[in-house]
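Just so it is clear: chains get the letters A, B, ... in the order the sequence lines come, proteins before strands, and each one is counted from 1. Values below: every heavy atom of this structure, side chains too, minus hydrogens, waters and symmetry copies.
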Amino acid sequence: MADPLLQLDGLSKAFGAHQVLDGIAASIAPGEIVGLLGPNGSGKSTLLNAISGFLAPDGGAVTIAGRDITGLPAHEVTRAGLARTFQLPSMPTRMTTREVLAAGDVSAGSARNMLRGAAQDQRIDQLLEMFRLSHVAKLPASALSGGQKKLLSVALALRGAPKLLCLDEPTAGVHPELRSEMITILRRAARDGTTLLVIEHDMLFIRQLCSRCIVLDRGQLIADCAPEELEKNAAVVEAYLGKSVEKGKTAR
Amino acid sequence: MIEVQDIRAGYGDGPDILGGISMHAHAREIVTILGPNGCGKSTLLKTVAGFVTPRAGTVRIDGQHAEAVPIHEKVRHHGVGYVPQTDNVFRTMSVAENLLMGARDLDRQTREERLDAVMAQYPSLANKRRRKASALSGGERQILSLARALMAGPRILLLDEPSAGLSPAMMHDVFDAIARIRDEQDMCILMVEQNAFEGLSISDRAYVLNLGKVALTAQAQALLNDPAMERLYLGGAPAE
Amino acid sequence: MSEFLIHVAAVSCLYGILALALNLQMGFSGLVNFGLIALFGCGTYGAAFAHLWGWPPLAGLALGLIFAALMGLFFARLGARMSEDYWGIATLSLAEIMRLVFTNEQALAGGAQGVSGLPVSFAGLAGQGAGLSRLALYAALLAAAFVLCQRITRSGFGMALKMMREEPQLARALGYDLGRMRAIVMVISSLMAAVAGFLYAHYLSFVGPEQLMSHETFLIWSMVIIGGIANNWGVVAGAFLMQFALAYVPFVKDWLDMPSDFVAATRLVIVGGGILAFLIWRPKGLFPERIGGSHG
Amino acid sequence: MTRTTPALATLLAATTLLSAPAALAEITLGAVIPLSGSNATPGEDQRRGIEIAVKEINAAGGVLGEPLKVIVEDSAGKPQTAIDAARKLVTVDEVPLVIGSYSSGITLPMGEYLVQEGIPHLNPASTSGLVRNIGDSSFSMVGLDNVSTEFAAKEVIANGWKNVAVLAVNNAFGQGVAQEFQKHLEAMGGGVKTSVLFTGGQPSYRRELQQLEATDPDAYVFTAYGTDAALIMQESFELGLQEDAPWYSILITMMNKDTAPEFKQGLSGMDVGYLGAGGEGYAATYEADYGETFLSAYGGYAHDAVLFAAKAIEKAGSTDKQALLTAIRALGDEGFTGATGEIKLDANGQRMSQPYLKFKVEGNDLVQMD
Amino acid sequence: MIQFLIDTIIRALDLALIAVALSGVYSLIKFPNVALVQYAVVGAFVGMLLQQAGLPLVLALPVSAIFVGLVAVIFNVLLFERLLTEGSAIALIGSLALSMILSAVFLLAFGPAAYRFDLAVAPAMRVLGARITVHQLSTLAITVAALGGFAAILFFTRLGREMRATATNKVLASASGIDTRRVINATVFLSGVLAALGGMTLAMRGSVSIDLGTQMLLPVFAAAILGGLGNALGAIAGALVISAAETFVTNTNFGVLTGTDFLFLPASYAQTASFALLVGFLLLRPSGLFTSEVSRV
């Protein structure tokens with residue numbers, strides 16, 4: 001394996017007495033598409049927050065492309081090449097889709113661009129087209145459907161040409177048509193060299209897209225395998241279905 | 001006991017989250033609502049409960065219109081109990097106080113009796129009756145929340161993901177408790193659940209939602225034996 | 001043109017600049033600043049110090065701008081860790097501290113009695129010339145401030161500000177350094193407020209701590225809320241509307257033969273009532289924000 | 001379009017108001033005095049003085065054959081409001097002369113504005129030494145602090161109080177009094193242990209009083225207005241400060257009216273003489289019109305300012321600014337007798353001689369000592 | 001030292017009732033209601049009017065307090081419930097605007113003068129060398145009784161339980177059958193009562209003028225925020241800290257520093273002390289001094 005793009009070493013986070021992340025260690029190589037799985041409350045979103053700088057981890061380290069980004073604020077993590085989306089993308093009510101896309105280019109926020117017009121029209125038109133959002137370009141972004149918001153947030157995340165894109169449930173609540181659109185877009189991004197880390201519940205999606213899965217349960221990494229092997233993995237089946245659980249066997 | 005007809009609902013000026021849903025649930029029945037994140041499960045439960053007023057359609061409880069009845073009235077006058085998903089206890093208050101909150105309208109004697117009954121039923125709570133709820137474990141909180149809802153003696157129980165964040169062992173305890181409540185108290189239970197297999201194993205019927213619509217409805221056993229469940233429990237649309 | 005009309009129009013222009021500054025903070029960036037008057041005060045006291053120390057007036061302007069930039073940066077720094085209502089209270093406190101210090105330190109710009117006798121700009125011109133020249137200068141500066149604000153809010157930076165205002169979480173995920181953006185916005189708008197303060201000092205010929213009362217901040221708030229939050233045209237209109245409304249209260253008093261407390265009370269009612277009425281019945285103001293204003 | 005309608009309507013209405021001119025041929029003067037704010041009591045007294053003066057003049061046939069009118073504006077005790085009010089008087093009402101205001105903090109900036117506009121200014125009440133520097137078209141009808149504090153310092157020494165604590169209101173007037181008083185007292189061999197300046201309008205002055213008390217003075221010397229002074233006296237009584245050492249008030253009439261008798265027993269002080277020779281008529285009219293005695297010492301000066309202005313206009317023969325200024329100077333040179341005695345102005349346009357009176361409190365009233 | 005303690009306690013009396021009211025309401029409707037300080041002034045004026053109208057003081061106090069409680073509820077229903085749907089900052093601005101309007105009403109109704117209750121004033125008693133007046137003692141008693149009563153309601157009554165429940169978890173509270181709107185208005189009523197008592201006890205110790213509200217605003221906020229907004233009883237501790245800081249600033253003779261016998265800071269710097277404390281505090285610990293809850297991200 002090449003030098004890992006993302007390296008997690010013993011990442012931990014607790015809320016009060018509740019250990020949400022318990023020494024997560026994993027690595028992702030450039031170009032991989034990795035699924036991040038686990039039942040509700042297993043710590044997936046917390047892990048994403050800890051990686052992307054929205055939460056300072058209590059312990060451990062996060063390295064991206066050889067650079068230690070542990071504890072850096074979110075915007076610096078993003079500038080280091082890691083983009084992310086949110087599970088429930090909430091969008092501005094007083095900006096249009098087009099304006100949101102214009103703001104998606106982070107260089108807009110520098111003082112140099114203060115007096116320069118916002119819309120570099122062509123590039124934004126292309127994006128709107130590519131993400132099937134042209135017809136809603138002039139609507140307030142908050143008025144988009146859940147699926148359109150997810151597409152918009154992926155479009156925003158991809159604008160900065162990130163090295164690693166972390167997606168939090170990109171297809172949940174997305175209409176089937178847009179869903180296949182989303183898969184196409186993510187595939188293309190991967191082909192263009194973006195590494196993907198995807199939280200997803202939809203196994204179909206995982207199988208279609210991911211080459212590898214890592215599975216969390218109660219803050220611990222319990223599996224790291226190909227998607228096909230998930231069903232055979234006793235720990236995963238237990239975590240998800242609780243099928244073979246016998247009392248007393250559970251951890252803690 | 002619960003009858004929902006063609007409801008549409010959403011938040012603020014946002015789009016419809018529920019795009020015309022009809023469903024029903026009877027006494028002595030556990031009905032589970034399944035579906036991927038963002039499909040509208042919780043919104044449906046909240047609309048039935050009265051946190052969200054539907055934009056169109058009707059919600060009937062015992063045959064009476066109840067679309068515009070806020071949750072606190074439903075709890076007090078329509079025999080409804082509601083257990084939220086997270087944040088389901090009063091953290092700064094003791095276990096006993098939490099339980100008493102569930103029995104506001106009862107006279108002192110009934111209240112004490114129910115309290116004793118609950119304590120007898122859930123010994124884990126009895127040991128901690130003076131402890132603050134914030135000191136309880138996740139499973140204990142879930143049980144406490146359930147017990148709190150039962151204190152008022154409801155006939156309908158609305159549960160929002162009772163297994164969220166619980167270990168399998170605790171989850172078993174909680175689901176056992178829920179099934180017992182149905183059997184012993186002839187309760188009508190409407191439950192939103194992520195954990196499809198566990199949820200279905202105690203349910204009578206289920207609705208699967210997708211994108212704000214009912215995608216599938218069936219007997220729980222039938223769904224459990226459906227080979228498509230492997231995909232379903234992980235949230236995929238069963239239509240594929 | 002009546003001289004009084006010129007006077008009111010001139011003051012309206014200065015308040016228009018203040019309203020634009022507040023709009024940049026509050027309307028576009030979501031910064032609930034209740035201490036705006038302190039930034040204005042940097043300008044007035046810059047002028048006062050220059051006068052006291054015998055410096056040329058323009059040196060006072062430079063002084064005021066430096067004070068204002070520093071104060072704006074400090075405000076922004078405070079805002080980094082607070083929710084918006086806490087920040088509002090903190091900025092209000094800072095403005096009050098400034099007022100109390102200037103009230104009590106006689107060695108510092110005369111204490112409560114302030115500094116009077118500042119040269120009035122264009123005082124040498126005869127007749128209405130002085131008034132009209134001032135009006136022209138203020139109007140030109142207002143127009144410049146307006147163009148600046150318009151350019152900023154329609155630029156990519158403006159989009160970023162709106163993103164910060166509405167979805168700070170998302171903005172951070174996009175790589176925006178919100179602290180830096182807050183600092184930039186605060187400095188720009190502080191400088192605008194200080195320019196208005198400097199001109200005001202050389203218009204009134206007097207600088208005193210009474211000018212820093214928090215009511216003055218709320219007057220500017222009323223202009224923004226009534227005119228239309230996040231609409232540059234709107235807030236300038238709001239500034240003129242409020243100034244004219246307030247300036248004519250004494251005439252209404254004469255007309256209706258009301259007691260003298262009427263004037264002070266009516267001003268409070270116009271400002272407070274204006275804010276409340278608009279918040280309740282027309283929260284977007286007379287000229288609502290144009291969504292999608294940056295294109296098409 | 002509909003959006004702009006209310007704004008336009010307001011503007012239109014306002015402009016209509018503006019353009020309605022005073023149709024009657026009148027001689028109109030302006031006055032800016034505190035009718036609201038913490039100096040509302042002396043302000044009201046000034047307003048009464050002005051009212052009486054206008055009545056007197058009009059009863060005697062007016063000025064230059066026209067009826068006299070004084071437009072009274074509220075300063076609200078704020079420089080900004082006062083200047084705006086003066087601006088309105090000058091630019092809208094186009095008065096040839098403005099009288100005002102009460103406290104020096106207001107009079108100074110307003111006077112400077114008037115000087116810049118070239119409008120004659122008569123100061124009827126402010127006694128800060130800084131008033132002298134306002135400008136050459138500004139004139140004072142009242143003597144300034146350097147004179148009054150010297151009088152007070154002499155009194156204090158004469159009473160045998162060597163070391164005193166000074167309490168003064170934190171404004172231009174109070175600051176001036178405290179500084180001047182200290183200067184004079186020290187020149188006479190006394191000393192000021194501490195000078196505390198207080199901000200008016202507080203619900204309690206315990207803190208300031210305790211600061212004074214900590215210095216253990218021979219006497220407390222203070223100057224304060226109206227209701228603030230009333231509370232100070234009440235609290236000093238409550239705290240027992242009045243048992244420890246005597247209290248002496250500079251410009252005692254400013255505070256006497258509002259203070260309840262039980263809190264000011266044994267209080268003494270000084271003030272400007274508010275009645276000169278020939279002032280009895282004014283006092284009688286005042287009591288007849290308002291059913292009470294003077295609210296402060298300053299009504300008489302405002303009254304005299306109006307008489308002085310009217311006489312100057314008569315002298316000038318018109319309301320032309322230059323002619324009026326010349327007339328004022330001439331009148332100041334030759335002297336003019338009003339209710340407060342003879343008003344003669346020095347080269348700076350300030351009143352030269354000023355009667356001062358010693359007072360002590362008896363019951364609720366001030367009794368003049370010789 | 002004794003005098004310092006007494007001065008601190010007396011100043012804390014000025015702040016405590018209003019700060020507790022502010023914090024109590026904040027715990028339920030998450031915005032700092034600036035108008036509360038004006039409710040205190042309303043209470044004082046109404047109390048004085050009632051006394052003038054011939055009501056004995058023991059009646060005037062509670063009647064005025066109840067009146068102000070009702071006024072607070074009316075404003076909450078007519079105004080703040082609507083504004084809160086737009087966000088807490090909007091409601092905060094609205095409460096500032098309401099304060100201005102109330103100031104205008106006071107100005108027209110009472111003018112700028114200061115008013116006092118018609119109470120006999122006696123020279124202070126000496127206790128261990130420190131001065132205490134009768135009215136300080138009686139207002140201390142009223143304040144302690146009012147705060148005790150409020151604490152008793154909060155911890156020993158059904159309403160109090162419902163208030164705490166609604167404050168900790170509004171959703172769950174309504175799911176338990178609590179009409180949270182009614183509970184909120186009950187709390188608003190109590191806050192009005194406390195604020196009015198605060199205003200009246202201030203007026204009993206000194207005097208009340210229309211500026212009182214503005215002068216109390218920031219010290220009261222400083223106390224409430226220091227105590228952790230929303231933690232009603234923390235506000236009492238906050239009031240003590242603020243008043244100790246203020247008293248230190250004004251009671252200390254800084255003469256030694258300058259080599260003069262006596263040098264006191266102007267008493268209005270007391271306010272500066274509390275604001276500076278507040279700003280410094282907000283910088284270091286934005287959630288307040290006495291917050292016990294671990295906030296979850």
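- Scanning both residues, C:Ala160 and A:Ala103, for their nearest heavy atoms gives N-CB, 4.1 Å.
- Proximity to chain C involves both the backbone and the side chain of A:Thr93, based on heavy atoms less than 4.5 angstrom apart.
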Practice prompt. Check the pair C:Lys162, A:Val100 against side-chain contact (heavy atoms from CB on, under 4.5 Å), reporting the backbone distance first and the verdict last.
Written response: CA-CA 9 Å; C:Lys162 290 187 187 180; A:Val100 168; over 6 Å; no

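- Listed in order of number, the residues of residues 71-78 of chain A that approach chain C to under 4.5 Å between heavy atoms are A:Ala74, A:His75, A:Thr78.
- Between C:Ala173 and A:Phe86, the shortest heavy-atom contact is CB-CE1, 3.8 Å.
- Residues C:Gly175 and A:Arg79 approach most closely at O-NE, 2.8 Å, considering heavy atoms.
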- Message: Walk me through whether C:Met159 and A:Met95 qualify under side-chain contact (heavy atoms from CB on, under 4.5 Å).
- Response: CA-CA 8 Å; C:Met159 296 304 110; A:Met95 292 173 84; 4.2 Å; yes

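- Across A:Ala80, A:Ser90, A:Gly53, the residue that shares the most heavy-atom pairs under 4.5 angstrom with chain C is A:Ser90.
- C:Glu167 pairs in a side-chain contact (heavy atoms from CB on, under 4.5 Å) with only one of the listed residues (A:Ser142, A:Pro92, A:Pro89), which is A:Pro92.
- Ranked by non-hydrogen atom pairs under 4.5 Å with chain A, the options C:Met164, C:Met163, C:Glu166, C:Gln169 are led by C:Glu166.
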